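In what follows, a structure is listed as structure tokens, so that the remarks can point back to it.
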Amino acid sequence: MTESTTSRHIQISTIKDRSLFSNLRAALTLAALLAATIGARAQAAAPTQDAAAQTAASPSATTPPAATSDAAAPAAAQPKPDIALSNKKVPKVRKQKKDEKVVLSKDTKKEDKKVKKVNPIETQDAKLPDKALYDKAMDAVKHGRYDVARLDLQTLLNTYPDSQYMMRAKLGVADSWFKEGGTAALTQAEQEYKDFITFFPNSPEAAEAQMRVGDIYFRQMDKPDRDYSNTIHAEEAYRLMLQQFPDSILIPQAKQRLREVQETLASREADIAAFYATHANWPATIARYQTVVDTYPLYSHMDDVLVNLGDAFETEARFVRTLKLPEAGKARLLKIYDDQAYAAYSKVVLEHSAAPHVEDARDRIVGMGLPIPTPTPEQAAASAALENSRGQYTLSNRVEFFVLHKADTVPAATLGEPPLEDAKPTLAPTVTRQATVDFNTAMNPAAYAPRTPAPAAPLVPSTTASSAPAPAANAAPLALQDVPAAGAGAAADSSAAVSSVSEATPATASGGSSVGIEIVPPSSASPAPTAAPASPPVFPGSESPAPAQSEPTSGSAQPGPSDNMGGIKAAAPPIATITAPIEKPDAAPDAVNEATPGSQPPAQLAPADGKKPKPAFDKSDDSSSKHKKKKGLAKLNPF
């Protein structure tokens with residue numbers, strides 16, 4: 001009994017201790033909550049008092065005392081807001097250190113300035129109707145609603161012809177077509193841009209419009225082995241932009257686009273030359289490669305082009321070695337082709353020393369047994385700068401060119417001035433003719449040697465010519481004597497009129513040849529001149545000869561001193577001269593009726609039954625479905 005009683009007392013005391021500890025924990029928890037509540041109320045009461053003090057101070061400073069007392073009564077009547085209990089601490093604003101500040105680059109600052117640049121048109125009233133239409137159209141273009149944008153811009157142009165937004169609206173119409181894309185839209189955009197340049201040639205936006213014309217063709221450029229008409233038009237547009245607007249800010253961009261376009265054209269010419277080389281058409285190969293060298297100096301594969309050009313000349317030299325020609329002529333012809341090949345290889349070594357194929361050119365020069373030229377430091381630096389300015393291929397570029405079939409413009413240079421005019425192209429017939437001339441010159445240098453032009457005669461006579469003795473002058477003056485007619489006697493000879501010519505002063509002797517006149521007197525052996533016919537000839541078709549022209553009598557009018565002809569008769573006949581009669585056609589004979597009256601047979605009478613008789617049919621000659629040919633013995637029956 002005693003042990004059981006003792007154990008019960010121990011259990012009761014244990015239970016009492018546990019309840020005591022639990023009550024103690026609850027009391028501590030309650031005390032903590034009360035302390036937290038009191039602290040929160042104290043923190044919330046302090047800002048409220050400060051705000052009330054500031055509110056009370058501000059009306060007292062600006063309003064009279066009567067107004068302050070009236071405003072204080074409603075404020076006291078308002079219920080107090082509930083206090084929100086929160087244990088969150090207000091984060092402190094951490095000051096940014098000087099080293100942690102982001103420093104903007106020059107390009108970023110430049111772009112920010114462009115964005116913040118004040119547009120004089122944007123400063124106008126935005127509520128103007130033309131401004132509202134323009135803003136609405138630009139927003140439609142931004143969101144791809146090109147038809148709506150063009151409709152608004154066209155409304156602006158038609159409704160407000162004197163608006164300050166007219167120029168921008170016309171350019172906006174072209175931009176909407178350009179951004180829409182497609183063959184038809186780009187064609188319309190090109191026409192709109194050209195119209196804008198026509199109407200506003202002196203505006204800064206005209207250069208942008210011309211640039212867009214080039215971009216239209218640039219977007220439609222195809223690979224070098226396809227149609228290159230768009231590439232040619234793009235080159236012409238960019239060249240025109242550079243020539244017409246040299247002060248535009250778009251000049252660097254236009255030059256780069258022109259380099260990329262010429263890169264594509266050069267690739268096309270080089271590919272055609274490589275095709276001719278595979279078919280052993282060396283004149284065409286040389287012509288194409290030479291055109292690339294002369295026209296596109298910034299081509300990325302210029303070193304390869306020059307090496308292939310030299311190889312073409314070397315191929316012609318190897319062909320000449322197989323011919324059976326005189327050794328002297330063959331040596332001269334080989335020297336011509338070897339010199340041309342050496343010039344092509346040397347250009348690679350000198351002007352493209354940083355190019356990938358420069359070692360191939362050096363190896364070929366060594367194989368020819370000629371010295372390798374050394375480029376100057378300036379040439380080496382220029383070649384290195386040109387090669388370093390070229391773009392590099394990326395995976396995205398290769399995928400884009402493979403999928404979209406676009407022109408490869410990545411290796412185009414970004415340095416150097418693109419040529420604005422094409423050099424004269426080299427043609428295959430020209431190369432063939434030059435090869436023929438080289439062959440003839442090498443085989444027969446004496447006949448085909450270039451002739452040096454003879455020196456021109458001096459304008460001032462030389463002293464040696466003036467010192468030559470002059471020919472002796474005739475003592476008697478020159479005389480002109482009339483030739484007597486045939487049958488004239490001595491009287492005619494005595495009556496011959498002699499006109500003397502005054503003696504001329506002898507001219508100064510010169511080194512040139514002189515021309516003299518000699519008068520030969522008539523001799524008895526010379527034939528007599530033919531006498532004029534007594535009557536004029538009879539013209540064909542006339543019955544009587546034309547009357548002879550009467551000789552002028554002594555009383556006829558003589559040429560006066562004021563006559564400008566100097567007494568010489570005019571070559572044309574006088575007006576009164578009777579010419580040959582005009583030929584007329586013969587009269588037509590009278591029509592005669594040879595038919596005798598009454599001899600004409602009577603007209604054919606119609607049959608009595610009114611039916612026309614059928615024509616006779618010969619079965620021996622013709623046959624038809626109704627009339628069969630004769631067969632057998634029927635052929636022998638003539639009836």
Side-chain angles (χ1 to χ4, degrees), residues 190 193 197 206-273 287-306 309 347-348 350-356 378-393 397 401 406-426:
E190 178 189 1
Y193 282 127
I197 296 173
E208 180 182 356
Q210 183 62 39
M211 184 73 182
R212 287 286 181 267
V213 173
D215 292 342
I216 288 172
Y217 291 109
F218 187 84
R219 289 174 59 176
Q220 302 179 82
M221 277 197 328
D222 210 335
K223 300 177 69 175
D225 57 347
R226 295 294 184 267
D227 183 18
Y228 66 103
S229 59
N230 290 327
T231 311
I232 293 294
H233 290 319
E235 183 184 27
E236 293 174 354
Y238 288 133
R239 284 179 172 176
L240 185 61
M241 190 265 176
L242 293 175
Q243 292 173 355
Q244 288 188 348
F245 309 98
D247 300 331
S248 174
I249 60 175
L250 299 175
I251 289 295
Q253 183 179 355
K255 287 184 178 180
Q256 182 58 31
R257 286 294 176 87
L258 183 57
R259 294 188 196 99
E260 294 176 359
V261 170
Q262 292 179 350
E263 178 78 14
T264 305
L265 292 174
S267 299
R268 174 183 174 274
E269 291 289 334
D271 292 344
I272 296 175
R288 294 286 180 169
Y289 278 137
Q290 191 64 44
T291 301
V292 175
V293 173
D294 298 338
T295 311
Y296 309 107
L298 301 178
Y299 181 44
S300 58
H301 299 284
M302 182 59 69
D303 54 336
D304 195 10
V305 168
L306 289 171
L309 180 61
K347 191 171 183 179
V348 178
L350 293 175
E351 300 182 6
H352 303 277
S353 57
E378 292 78 9
Q379 291 176 335
S383 176
L386 183 62
E387 295 300 327
N388 293 334
S389 68
R390 304 187 187 278
Q392 301 297 328
Y393 286 100
N397 288 338
F401 296 144
K406 294 176 59 178
D408 186 5
T409 59
V410 172
T414 57
L415 295 178
E417 292 294 328
L420 299 181
E421 293 182 359
D422 288 337
K424 184 179 180 180
T426 305

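Bear in mind that the values here come from a model prediction, so they are computed numbers and not experimental data.
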| query | Are any of the side-chain heavy atoms of M241 and V213 separated by less than 4.5 Å? | reply | no
| task | Can you see which heavy atom on A355 is nearest to which on S383, and at what distance? | result | N-OG, 4.4 Å
| request: State, yes or no, whether a side-chain contact exists between R390 and T414 at a heavy-atom distance under 4.5 Å. | output: no
| How far apart are the C-alpha atoms of D303 and V305, what are their side-chain angles, what is the distance that settles it, and do they pass the side-chain contact (heavy atoms from CB on, under 4.5 Å) test? | CA-CA 5 Å; D303 54 336; V305 168; over 6 Å; no
| Are the side chains of P419 and Q262 in touch, meaning some heavy atoms are under 4.5 Å apart? | yes
| field | Close side-chain approach of L240 to E236, heavy-atom, < 4.5 Å | value | no
| message | Tell me whether D227 is salt-bridged to R268, with the criterion being a basic N under 4.0 Å from an acidic carboxylate O. | response | no
| request: Could you tell me whether E263 and R259 have a side-chain N and a carboxylate O separated by less than 4.0 Å? | output: no
| query | Should the pair Y393 and F401 be assigned to parallel (<30°), tilted (30 to 60°) or perpendicular (>60°) ring geometry? | reply | perpendicular
| field | Closest contact, heavy atoms only, I216 versus Q220 | value | O-NE2, 3.2 Å
| message | I need the minimum non-hydrogen distance between L415 and S389, along with the two atoms involved. | response | CG-CB, 3.7 Å
| Sidechain N-carboxylate O distance under 4.0 Å for D215, R212 | yes
| remark: Taking every heavy atom of V410 against every heavy atom of D408, the minimum-distance pair comes out as N-OD1, 3.3 Å
| note | Scanning both residues in full, the closest heavy-atom pair of A209 with I197 reads CB-CG1, 3.8 Å
| Is there side-chain contact between V261 and F218, with at least one heavy-atom pair below 4.5 Å? | yes
| Distance-only donor-acceptor check, side chains E190 and Y217, under 3.5 Å | yes
| said: Between T291 (side chain only) and T426 (backbone N and O only), is there a donor and an acceptor less than 3.5 Å apart? | reply: yes
| query | I251 versus I249: any side-chain heavy-atom pair under 4.5 Å? | reply | no
| request: Hey, could you give me the NZ/OG1 distance between K406 and T264, rounded to the nearest 0.5 Å? | output: 11.0 Å
| said: Which heavy atom of Y296 sits nearest to which heavy atom of M302, and what is that distance? | reply: O-CE, 2.9 Å
| message | Assess the residue pair L298 and E417 against the criterion (side-chain contact (heavy atoms from CB on, under 4.5 Å)); give the C-alpha distance rounded to whole Å, side-chain angles, the decisive distance to 0.1 Å, and a yes or no. | response | CA-CA 9 Å; L298 301 178; E417 292 294 328; over 6 Å; no
| said: Can you confirm whether S248 sits close enough to E208 that some side-chain heavy atom of one is under 4.5 Å from a side-chain heavy atom of the other? | reply: no
| Do R257 and M211 come close enough that some side-chain heavy atom pair is under 4.5 Å? | yes
| Nearest-0.5 Å distance that lies between atom NE2 in H233 and atom OH in Y228 | 10.5 Å
| request: Using a cut-off of 6.0 Å, state whether more than 12 heavy atoms not belonging to F245 lie near its atom CZ. | output: yes
| side-chain contact (heavy atoms from CB on, under 4.5 Å) between L265 and I232: does it pass, once the steps are laid out? | CA-CA 8 Å; L265 292 174; I232 293 294; 3.9 Å; yes
